Protein chains: 2
Amino acid sequence: MAMKRLTRQRKAVLEVVQRARNHPDAAWIYQEVRKLVPTISLGTVYRTLDALVEEGYLVPISRGGEATRYDANRKPHYHLICTSCGEIVDLEVELPELVGAARAAYPEHEIRAAHVEFEGVCAACRDRLAS
Amino acid sequence: MAMKRLTRQRKAVLEVVQRARNHPDAAWIYQEVRKLVPTISLGTVYRTLDALVEEGYLVPISRGGEATRYDANRKPHYHLICTSCGEIVDLEVELPELVGAARAAYPEHEIRAAHVEFEGVCAACRDRLAS
DNA sequence: GTGGTTGCAAAGGCTTTGCAGGCAC
DNA sequence: GTGCCTGCAAAGCCTTTGCAACCAC
């Protein structure tokens, strides 16, 4: 059922994903993992990523239409998606509690979590566009 | 360039979308619109929806892997996605301002908006599961 | 009449899956 | 030895697109 065996493939995917700083998608991970295990298939990468998400090691970031990207950052943080270059920037900021407000207004629902995402222009693009 | 002509197809899509209470996806809209314009194609539905999104009449809600759903609700509101049935429930609640907090922590980025989404069990499923 | 719009069908991109062989345990 | 995992390739799903005919203006 649950993926439990520590195979070469899974080790390699874990290593790549933990080292990644880019919120990579499956294709990028596949490409990198092939440097460690050249015979791995894209299907296995997807299966492994699914397992890692299920186990909570990864958080999927899915933007409409585009490939799902994966985030292995342990620290609690939020994402800023740049409208200019599409990059995902981590924001480590403490935000006001939202779940409480929603629960107070809608006690009939069992609200468990809130997901927040910011949209704007990242510093790099801001500088680039200012020229 | 921009879709401007008021064709039978576009009228029908508009009518269906405005009447919809379900955050429908393109397939559901297509099915409904065919009751009004039986010869319409799915491609036209997609093209029309894209145009309506661009013009600001609709807000796309894209969940990873699943079909994009469209929201025509004018009032400002948030969404609760039920982890049990997948339904999207509107929450009309005022939340604390988030953009300001993020801007204060990261003045180098040009943060423009925040998107919030809740996750939990909707009232219907809660009742159903309690039995 | 003109050019945006449509229908059709094919293609596209990402992701999942069936199956036989292989490997971790 | 057992059954989970892998590679391969095909299929699935949602969405986009090229093209000729069409119709709103």
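Throughout, a chain's letter reflects where its sequence line sits, starting with A, and its residues are numbered from 1. Remember, predicted model here, so these are calculated numbers, not experimental data.
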[atom1] of [X] versus [atom2] of [N]: gap in Å, rounded?
X: B:Leu42; N: C:dA9; atom1: CG; atom2: P; answer: 13 Å
X: A:Tyr30; N: C:dC14; atom1: OH; atom2: P; answer: 14 Å
X: A:Arg34; N: D:dG7; atom1: CZ; atom2: P; answer: 11 Å
X: B:Arg8; N: D:dC22; atom1: CZ; atom2: P; answer: 14 Å
X: B:Gln31; N: D:dC14; atom1: CD; atom2: P; answer: 13 Å
X: B:Tyr70; N: D:dT15; atom1: OH; atom2: P; answer: 6 Å
X: A:Arg10; N: C:dC23; atom1: CZ; atom2: P; answer: 19 Å
X: A:Arg63; N: C:dT15; atom1: CZ; atom2: C1'; answer: 19 Å

(message) Within the 4.0 Å heavy-atom criterion, would you say A:Asp25 contacts the bases, only the backbone, or no part of the nucleic acid?
(response) nothing
OP1 or OP2 of [N] versus the side-chain N and O atoms of [X]: is any pair under 4.0 Å?
X: B:Thr7; N: C:dT6; answer: yes
X: B:Tyr46; N: D:dT15; answer: yes
X: A:Thr44; N: D:dG7; answer: yes
X: B:Gln9; N: C:dG7; answer: yes
X: A:Thr68; N: C:dT15; answer: yes

(request) Decide, yes or no, whether a salt bridge links A:Arg10 with A:Glu55 under the criterion of side-chain N to carboxylate O below 4.0 Å. (result) yes
(message) Main chain of A:Thr44, side chain of A:Tyr30: is a donor-acceptor contact present, judged purely on distance under 3.5 Å?
(response)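 A pair under 3.5 Å: no.
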(message) Using a 3.5 Å distance criterion without hydrogens, assess whether the side chain of B:Arg112 forms a donor-acceptor pair with backbone atoms of A:Val121.
(response)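 No, because the side chain of B:Arg112 does not come within donor-acceptor range (under 3.5 Å) of the backbone of A:Val121.
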(message) Among C:dT15, D:dG7, D:dA24, which nucleotide has an atom closest to any side-chain atom of B:Arg5?
(response)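 The answer is D:dA24.
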(request) Measure from the side-chain heavy atoms of B:Val37 and tell me the nearest of D:dT15, C:dA24, C:dG7. (result)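 The closest nucleotide is C:dG7.
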(request) For residues B:Ile81 and B:Glu119, determine if any side-chain heavy atom of one lies less than 4.5 Å from a side-chain heavy atom of the other. (result)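 Heavy-atom side-chain distance check fails, nothing below 4.5 Å.
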(request) Would you indicate whether the side-chain heavy atoms of A:Arg74 and A:Gln18 approach each other to under 4.5 Å? (result)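 A side-chain contact exists here, since the closest heavy-atom pair is under 4.5 Å.
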(request) Examine the base of D:dG7 for any acceptor or donor lying under 3.5 Å from a partner atom in the side chain of A:Arg47, and report the outcome as yes or no. (result) yes
(request) Map A:Thr39 and B:Gly43 onto DNA chain D by nearest heavy atom, then report which one ends up closer to the 5' terminus. (result) A:Thr39
(message) Heavy-atom nearest nucleotide on DNA chain D for B:Leu6 versus B:Arg69: which residue maps closer to 5'?
(response)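 By nearest-heavy-atom nucleotide position, the 5'-most residue is B:Arg69.
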